[in-house]
Amino acid sequence: MSAIGVVSSCSCLRPGVWLLKPGMQKMSSFGLHTAARCAAKDYYEVLVLGGGTGGITMSARMKRKVGAGNVAVVEPSKTHYYQPLWTLVGGGAKQLATSARPTGSVMPEGVEWIKSRVTALDPDKNYVWLENDSKISYKYLIIALGISLHYEKIKGLPEGFHHPKIGSNYSVHTVEKTWKALQDFKEGNAIFTFPNTPVKCAGAPQKIMYLSEAYWRKTGKRSKANIMFNTSLGVIFGVKKYADALLEIIKERNIAVNYKRNLVEVRADKQEAVFENLDKPGVTEVHQYEMLHVTPPMGPPDVLINSPVSDEIGWVDVDKETLQHKKYPNVFGIGDCTNLPTSKTAAAVAAQSGVLDKTISLVMKNQLPTKKYDGYTSCPLVTGYNKVILAEFDYHAQPLETFPIDQSKERVTMYHMKADMMPFLYWNGLLKGYWGGPAPVRKLMHLGLK
């Protein structure tokens, strides 16, 4: 698999910045560092697989429970990315460099960084194999391996990205190509895609479409652009309240939506995109494009496919309320790599981290978990350079909103929360294990404390 196909993590965060847990008062403004090395020992009380959002925040929490030197994170990447920012990078509103920090700088102090890749899991014997054929055993295992991108499942990709007019906000290698294609647009079709697989942050494929439309209006090119959203889904968004609001925006901005259309081939040399009609299997249609934004097919990491810890598809098989593995009581999962039936976002990871913290604490005491995750997830739907619809919802696709306002309305305040406040909270709160989702603003509102 090419490098383009393996960058993975999560993509959205939940609000509530100003009501932080007391522990955040202890946060340093300086990045904490632990040196990367091969495993210093072959056993850890808590072993975390993956150094993305879920892995880093849980390692910070676990270190406070079991002490320095007793927690390790297996993560091969030298750089940690705050990927929710990539929507704005692709739209030219942020610089890619601001989304990146060295992995060592976000690794919690006292947590061992094992700079390697896990190649196999043996939960019956409580150990994992690493790529150098060494094995690490554990008492408790947290799986936070994210989701894999599969551009190669689209004929003509990833090599098609070497041509102009095509980009993707889902990879560090292609997000800046989106901005270039957006700037270079002259006249014709601008096509934005959504694949026929689970994805991380299901709102992201259309966020860049709204930013592109706004940019072309600003630069006088809008009348020359035929904007198309070709989605494999049958709806614009999975929660009706927000879907209704988005459909109004789509109508107002004269955007064409083609449902049940799945991108199967890119002929980048001819600027042609081939879509399968999912209602008519085998029937395809070809569209010429002046700009193409690709959301790639996604799936579980290879190491989880056919693993004892995974379901039949390859997602880590956990209880949807406690995040404890359904078969192995000392194994837990968090984030995009799990089969939790909710949208895969960093907002979900934040909420899950607080629940998982409580779950593991009770398991360590030989008690049954009591804290329950309700499937909360969130996606700040960017609809312009200063507008966001803040979607928040649960397992049942019902709104689960934080603020006493209609969050289906476009708001400037929510845009600044996404663009400016959330990155600070991510680096200084969530990754340090001091933020398990937003403070209970909703509960305070229910109590009348406004």
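Model, not experiment: these values are computed from the prediction. Residue indices begin at 1 and follow the sequence shown.
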- Task: Could you check D374 against L400 for side chain to side chain contact (heavy atoms under 4.5 Å, CB included), going step by step and ending with a plain yes or no?
- Result: CA-CA 10 Å; D374 58 9; L400 193 61; 3.4 Å; yes
- Message: Does E112 form a side-chain hydrogen bond (donor to acceptor under 3.5 Å, both in side chains) with Y44? I'd like the steps, not just the answer.
- Response: CA-CA 9 Å; E112 188 74 26; Y44 292 90; 4.5 Å; no
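The shortest side-chain heavy-atom distance between S99 and W86 falls under the 4.5 Å cut-off. Here the side chains of M417 and T413 are not in contact, with every heavy-atom distance at 4.5 Å or above. Residues Y138 and V331 form a side-chain contact, since some pair of their non-hydrogen atoms from C-beta on lies under 4.5 Å apart. The shortest side-chain heavy-atom distance between I147 and K344 falls under the 4.5 Å cut-off. Looking only at side-chain heavy atoms (C-beta outward), P296 and S168 come within less than 4.5 Å of each other. Taking the side chain as every heavy atom from C-beta outward, V264 and K155 never approach each other to under 4.5 Å. In this structure, R61 and S353 have side chains that are in contact, with non-hydrogen atoms separated by less than 4.5 Å.
T383 and E410 share a side-chain donor-acceptor pair at under 3.5 Å. Q83 and K200 share a donor-acceptor pair across their side chains, judged by distance under 3.5 Å alone. Between N169 and T178, the side chains place a donor N or O and an acceptor N or O closer than 3.5 Å (distance only, hydrogens not considered). No hydrogens or angles considered: a donor-acceptor pair under 3.5 Å links the side chains of T377 and T345. Between E392 and T402, the side chains place a donor N or O and an acceptor N or O closer than 3.5 Å (distance only, hydrogens not considered). For the residue pair E152/H150, the side-chain donor-acceptor check at 3.5 Å is satisfied.
Ring pair Y82/Y426: centre-to-centre distance below 6.0 Å. Aromatic pair F161/Y151: ring centres closer than 6.0 Å. Note: Y395 and Y373 meet the aromatic proximity criterion, with ring centroids under 6.0 Å apart.
Side-chain N or O atoms of S77 include none that pairs as donor or acceptor with a backbone N or O of T79 at under 3.5 Å. In this structure, the side chain of K371 does not engage the main chain of D357 through any donor-acceptor pair within 3.5 Å. With hydrogens and angles disregarded, a donor-acceptor distance shorter than 3.5 Å links the side chain of Q352 to the backbone of G335. Listed for the W315 side chain is no donor-acceptor partner under 3.5 Å among the backbone atoms of S310.
The environment of D124 atom CG is dense: over 12 non-hydrogen atoms of other residues, nucleotides or ligands sit within 6.0 angstrom. Within 6.0 Å of the NZ atom in K387, the count of heavy atoms belonging to other residues, nucleotides or ligands does not exceed 12.
To the nearest 0.5 Å, atom NZ of residue K372 and atom CG of residue D319 are 9.0 Å apart. If you take CG on L304 and CG on L121, they are separated by 6.5 Å, rounding to the nearest 0.5 Å.
Salt bridge status for K241 with E401: present, with a side-chain N to carboxylate O gap under 4.0 Å. The pair K177-D184 does not meet the salt-bridge criterion, since no charged nitrogen lies less than 4.0 angstrom from a carboxylate oxygen.
Between I136 and L130, the shortest heavy-atom distance links the atoms CG1-CD1, 3.8 Å. Of all the heavy atoms in L88 and A419, the pair that sits closest is CD1-CB, 3.7 Å. Closest approach of P205 to F194, counting heavy atoms only: CG-CD1, 3.6 Å.
Geometrically, K135 engages Y127 in a cation-pi contact, judged by NZ or CZ lying under 6.0 Å from the ring centre and within 45° of the ring axis. A cation-pi arrangement is present between R64 and Y434, with the terminal nitrogen or guanidinium carbon under 6.0 Å from the aromatic centre and inside a 45° cone about the axis.
Note on ring orientation: taking the six-membered ring where Trp is involved, the planes of H325 and Y328 are tilted (angle from 30° to 60°).
In summary, of the residues considered (Q206, E213, K207), a side chain to side chain contact (heavy atoms under 4.5 Å, CB included) with M209 occurs for Q206 alone.
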